[in-house]
Structures are given as C-alpha cells and as structure tokens.
Asks: 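Attaching a single structure in structure tokens format; questions to follow.
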Number of protein chains: 2
Amino acid sequence: MAQPSAKYLGVKSGVADWLREGRWKFGQAIPSEPVLAHRFGVSVGTVRRAVDELVAENILVRQQGRGTFVASHTRDYLFNVFFRIVNKDGQKERSTPRLLSFRRVAADRTTAAALRIAHGAPVYRIRNLIMLRRTAVAFDDIRLPERLFPGLTEYALSQRETTVYGVLQQRYGVNVLWAEELVSAVIAGGSLRTLLDLTRPSAVLKVQRTAYTYRDVPIDFRYRFVSTAHHGYQIFLGRH
Amino acid sequence: MAQPSAKYLGVKSGVADWLREGRWKFGQAIPSEPVLAHRFGVSVGTVRRAVDELVAENILVRQQGRGTFVASHTRDYLFNVFFRIVNKDGQKERSTPRLLSFRRVAADRTTAAALRIAHGAPVYRIRNLIMLRRTAVAFDDIRLPERLFPGLTEYALSQRETTVYGVLQQRYGVNVLWAEELVSAVIAGGSLRTLLDLTRPSAVLKVQRTAYTYRDVPIDFRYRFVSTAHHGYQIFLGRH
DNA sequence: TTCGATTTGTTCGTATGTATT
DNA sequence: TAATACATACGAACAAATCGA
C-alpha cells in the first residue's frame with residue numbers, strides 16, 4: 001500500500017470516490033476538515049491540500065464558517081461556463097428555451113461514437129430554440145443517452161426552470177464538468193432559415209458539442225446553430 | 001497600507017509586478033522561496049501559496065531541486081493553447097505562416113479601444129496567411145501597439161521560426177497569457193475569397209481576438225478568417 | 001443582541017523527503 | 001558527497017464568517 005505517492009492524493013481520490021458513489025447530494029456539506037483528517041489519519045493541512053484541488057476542479061465549494069459542499073452547479077454557473085452566446089458588445093443576455101420536439105430514437109454512427117455507445121442504442125433527441133429578446137438566436141439538436149437518463153420525459157424538459165444540464169443534475173445526479181466543441185461556418189439551409197427567422201441566405205455558426213461528467217464519460221452530444229447577425233460566440237483561451 | 005487582505009496576495013502581486021517589469025527573462029530562475037520569504041518578510045509557506053497561484057496561471061514553472069522559473073512559452077505551448085484550427089477528425093496539423101504585408105498605421109477606433117491606446121496611435125498591421133498542407137486555411141489581420149514593440153520589422157517576422165507571440169516573447173520579453181475571442185460567421189467577400197482559394201461564395205468563421213499579458217494589458221488585436229470547408233475551430237469549456 | 005461553538009482562511013515554524021547540481 | 005531547492009507533512013495559533021442558544 002505504501003505507494004511512493006503523496007498522502008493528499010489518497011485523500012483526494014478517496015473523497016472523489018465518495019462523491020462519485022453519490023454519498024452526498026449536490027449542495028450538501030461533506031464532513032469538516034478535522035473530521036476528514038481524523039478519518040484518513042492525516043493532518044488537517046493534508047486534507048486542506050486535497051480539498052483545495054477538488055475545489056479548483058469545481059467539484060467542491062468552500063464557504064468560510066459554514067463548511068465544504070458538493071458543487072451544485074447553479075443556473076448561473078452553467079450559464080457562465082457553457083453558454084457562450086453574447087451580443088455585439090460582448091455582453092450576455094438572459095435566454096429562454098423553446099422546446100420544439102422530444103423523441104426517443106436510435107443513435108446514428110456519429111452520435112454513437114461521440115457518446116461511446118453502440119450504434120443504434122437508444123438516445124433522446126431534443127430540438128430546442130434559444131430565444132434572446134423574443135428572437136430566435138440559436139437552434140439546438142441534442143442527443144442524450146437513454147441508459148444514463150432513464151425515464152426522461154418531455155414534460156420534465158418543458159417545465160424546467162433551468163438548463164438541460166440543470167435537469168440532468170437535479171433528476172439524475174449527473175454533473176456536467178467540461179465540454180469540447182468544434183465550430184464551423186455554414187450557410188443556413190431551408191428549415192434552419194425558417195427556424196432562425198433569416199430572410200436571406202446567411203452564414204451561421206455550426207457548433208458540435210460533446211459534454212462530459214466525472215471520469216470523462218460523455219453525456220451530451222449536440223449540434224447548435226447560431227445566428228451571428230446580432231450576436232457572437234465568446235471564447236477564452238489560456239484560462240481566465 | 002494594512003489592507004484587510006492576505007499577505008500571500010501581496011507577495012503574488014509583488015512577484016507579478018517584477019515579471020511585468022521584465023526583471024527576469026523567460027526561462028530564468030526567480031529567487032528561491034526562502035530568499036523571497038525573507039525579502040517580503042513572510043514565511044516560506046506564504047511564499048509557496050503565492051507561487052502556487054502563479055504556477056496555476058502558467059506564469060511560473062517549478063522544478064524540484066532546481067528552482068522556480070519564468071514560464072517560457074514554447075512553440076508547442078503557444079500552438080496548443082492559442083491555435084484552435086483542427087481538421088475534421090479533431091486533429092491539429094502543423095501550420096506555416098505566409099507574411100502578406102507589414103505596415104505601420106494609425107489605430108482605428110475599434111483597435112484603439114481593444115488595445116486601450118489613443119485613437120490614431122501607431123500600431124503595426126500585419127497580414128498573414130495560415131497554410132495547412134499547402135492550402136490557405138485562414139487569413140490574419142493583426143494589430144500590435146508600436147509603443148510596446150518598438151522597432152518591430154518585417155524582416156523579424158518573415159524570418160521567424162515561431163509564432164508571432166513567440167517573436168514578442170523573444171524580442172520584447174512580453175508573454176501572452178490569455179485571450180478573448182468573439183466568433184461569428186460571415187460570407188466571404190471578394191478579396192477574402194481570393195486569399196482563401198474559395199471558388200464559390202462560402203461561409204467562413206470571423207474570429208476577433210484580443211490577447212493579454214500580465215495584469216491584463218492587451219497586446220494583440222486581430223481578425224482571423226477561417227475557412228471551415230475542411231477544418232473546424234476547437235474549443236474547450238469548463239477546463240481541460 | 002450577545003455569546004460561544006463550529007468551520008474555513010491565513011500564517012507561522014519545523015521536520016523530513018526528493019531531485020538537482 | 002555536500003549544498004541547494006522544491007515537495008510533502010505536521011502542528012499550532014489566530015482571524016473571519018456562520019449559526020444557534
């Protein structure tokens with residue numbers, strides 16, 4: 001057992017294991033640092049170091065005087081991290097979704113590869129319009145693997161007060177941690193032009209996203225088409 | 001002066017100031033932790049905390065047994081962080097630049113605002129083609145403030161073995177730490193179509209970038225137009 | 001409102017381990 | 001081998017925020 005590895009790493013993976021097992025729910029407090037220290041047989045400083053890293057990875061949240069909590073990704077957090085559409089001034093605006101359709105379909109080859117499931121395995125397909133100031137700015141075509149989210153209903157999505165990711169967190173305890181996107185430019189075709197209210201043939205962004213949870217398990221594969229007539233897609237490189 | 005703020009933050013900004021002033025060159029070692037502790041009148045642990053954060057921000061690099069060094073951003077690092085064009089498989093390819101023009105001009109309003117300089121202040125304007133496998137994939141229109149990079153020449157840029165950012169680092173000791181981009185989709189017009197070898201009117205990405213060095217000082221404002229017929233723009237959200 | 005207990009935040013000092021020169 | 005530098009770990013003390021009695 002006496003690996004030549006640091007104790008704080010042991011504490012970190014121990015706590016991470018508990019989190020993955022769902023030992024505490026989102027927003028709940030984990031044991032205090034002295035308690036964890038005693039439980040792992042290390043000093044408080046060592047626990048702090050482990051918790052420091054989990055906080056840096058957005059897995060835990062500290063609050064002085066209260067405790068340390070399982071990161072509950074609020075609507076604000078999800079909005080800040082995963083919603084990148086801004087207006088020409090670089091400002092974000094509150095968006096409201098409009099659910100267009102919800103179906104259970106078989107995964108095509110691309111979807112299956114991205115979600116690492118079998119070709120033909122069942123996925124939910126969700127089509128969504130993103131409205132900013134009553135105009136449609138983006139169109140989403142989302143695939144979620146059924147195996148991870150059994151029993152997801154159109155009702156749950158239409159009634160939501162949060163993002164799709166918020167629903168996955170609240171109903172299934174699955175947290176989206178990061179995502180990879182591949183952006184290209186295309187000329188909007190017929191149905192897309194109708195959806196986005198484009199009077200003339202226009203260039204739009206085509207964003208292909210795969211989102212991941214703990215252990216880099218993919219949970220969301222989607223296309224998003226963004227009209228950039230009055231908006232843009234904001235990116236940060238090299239942290240911030 | 002006795003702000004209710006932590007000492008380690010004082011050490012951190014003190015060291016960051018030294019770096020911005022160019023007190024040490026890239027790759028050089030900064031004073032050891034005990035020396036810094038003595039100089040700032042704090043304990044070694046406090047210095048470590050400050051250095052920890054600067055390391056996390058890619059500003060310093062530690063090496064056990066050797067010392068702590070000013071991060072020297074290699075071509076590989078700059079390529080990985082700031083070059084986001086990938087092929088349809090999501091793989092990056094080595095790119096070669098082709099310098100089209102180099103001029104000294106007055107900053108227009110947009111450039112001046114982005115670079116936080118006076119309207120009309122001198123800037124270098126660099127036009128650049130990015131070649132991947134002998135085909136032009138992107139066109140750059142770059143503005144750098146002359147005040148920060150006096151005496152920059154076309155020769156220095158054309159002879160470079162690295163990126164533009166590499167030149168700024170090597171010749172002026174200025175490190176690009178992060179950048180903000182605003183991406184939109186446009187239909188390529190006449191001259192752009194010629195440059196990018198587009199036979200038909202095509203949608204291309206228009207990337208507007210502002211890059212920053214220490215203390216969030218802007219040093220590069222550019223437009224990049226990317227042909228996404230055979231390539232895409234890769235983005236990561238929420239760390240990686 | 002006040003007070004005390006609890007919890008995280010900051011700082012210090014010390015000791016030991018490991019990598020480099 | 002010895003000196004130097006960073007890495008890890010421990011323990012202690014006090015500050016600041018929170019919460020309930």
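Chain letters run A, B, ... following the sequence lines, proteins first, then strands; residues in each count from 1.
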Asks: Show your reasoning for whether salt bridge (charged side-chain N to carboxylate O under 4.0 Å, His left out) applies to A:R62 and A:E33.
Replies: CA-CA 11 Å; A:R62 284 201 227 258; A:E33 288 168 357; 2.5 Å; yes
Asks: So does B:R222 pair up with B:E181, basic N to acidic O under 4.0 Å?
Replies: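 Looking at B:R222 and B:E181, the cut-off is not met.
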Asks: Give the rounded distance in Å between these two atoms: CG of A:L9 and P of D:dA7.
Replies: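 Taking atom P of D:dA7 as the reference, CG of A:L9 is at 13 Å.
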Asks: Work out which heavy atom in B:A156 is nearest to a heavy atom in B:V167; give both atom names and the distance.
Replies: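 Minimum heavy-atom separation between B:A156 and B:V167: O-CG2, 4.5 Å.
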Asks: Measure centre to centre between the rings of B:Y124 and B:F102, then say whether the value is under 6.0 Å.
Replies: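 Here the rings of B:F102 and B:Y124 have centres that are less than 6.0 Å from each other.
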Asks: Protein-nucleotides 18-21 of chain D N/O pairs closer than 3.5 Å?
Replies:
residue, atom, partner, partner atom, Å
D:dC19, OP1, A:R66, NH1, 3.1

Asks: Round to a whole Å and report the spacing from CZ of B:F69 to P of C:dT20.
Replies: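 Checked: the CZ to P distance equals 11 Å.
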Asks: Classify the angle between the aromatic ring planes of B:Y223 and B:F221 as parallel (below 30°), tilted (30 to 60°) or perpendicular (above 60°).
Replies: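 It falls in the perpendicular class, over 60°.
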Asks: Take atom NE2 of A:H38 and atom P of C:dT7, then tell me their distance rounded to the nearest Å.
Replies: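 Whole-Å distance recorded here is 15 Å.
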Asks: Taking all atoms of both residues into account, what is the closest heavy-atom pair of B:R116 and B:V217, and its distance?
Replies: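 Distance-wise, the nearest heavy atoms are NH1-CA, 4.4 Å.
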Asks: Using a cut-off of strictly less than 4.0 Å between a heavy atom of the residue and any atom of DNA chain C, enumerate the qualifying residues of residues 12-34 of chain B by number.
Replies: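 By residue number: none to list.
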Asks: Just how far, in rounded Å, is P of D:dA13 from CZ of A:R48?
Replies: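 Nearest whole value for this atom pair: 18 Å.
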Asks: Within this structure, what is the CD-CD1 distance for the pair B:Q208 and A:I235, rounded to the nearest 0.5 Å?
Replies: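 Those atoms lie 12.0 Å apart.
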Asks: For B:E53 and C:dT10, give me the distance from atom CD to atom C1', rounded to whole Å.
Replies: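 These atoms are roughly 12 Å apart.
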Asks: Above 12 or not: heavy atoms from other molecules or residues under 6.0 Å from CD of A:E161?
Replies: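 Atom CD in A:E161 is not packed in, count stays at 12 or less.
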Asks: Roughly, in whole Å, what's the span from CG in B:L60 to P in D:dA7?
Replies: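 Result: 12 Å.
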Asks: Taking the six-membered ring where the residue is Trp, are the ring centres of A:F40 and A:W18 under 6.0 Å apart?
Replies: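 Yes, close enough.
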Asks: For D:dT8, does OP1 or OP2 lie under 4.0 Å from any side-chain N or O of A:R49?
Replies: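 Yes, within the criterion.
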Asks: At under 4.0 Å, does any side-chain N or O of B:Y8 touch on OP1 or OP2 of C:dT11?
Replies: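 False: B:Y8 side-chain N/O out of range (4.0 Å or more) of C:dT11 OP1/OP2.
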Asks: For B:Y214, does the six-membered ring have the charged nitrogen or CZ of B:R20 within the cation-pi criterion, i.e. under 6.0 angstrom from the centroid and within 45° of the normal?
Replies: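 No - B:R20 does not lie over the ring of B:Y214 by the 6.0 Å and 45° rule.
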Asks: Dump every N/O contact between nucleotides 12-15 of chain C and the protein below 3.5 Å, one line per pair.
Replies:
residue, atom, partner, partner atom, Å
C:dC12, OP1, B:K7, NZ, 3.0
C:dC12, OP2, B:S43, N, 2.8
C:dC12, OP2, B:S43, OG, 3.0
C:dC12, OP2, B:T46, OG1, 2.4

Asks: Can you tell me if CZ on A:R147 sees more than 12 non-hydrogen neighbours from other groups inside 6.0 Å?
Replies: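 12 or below, so no.
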Asks: Which nucleotide, if any, forms a Watson-Crick or G-U wobble pair with C:dT1, using both distances under 3.5 Å?
Replies: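 Per the H-bond distance test, none.
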Asks: So does B:R62 get a side-chain nitrogen or oxygen closer than 4.0 Å to the phosphate oxygens (OP1/OP2) of D:dA7?
Replies: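 Affirmative; the distance criterion is met.
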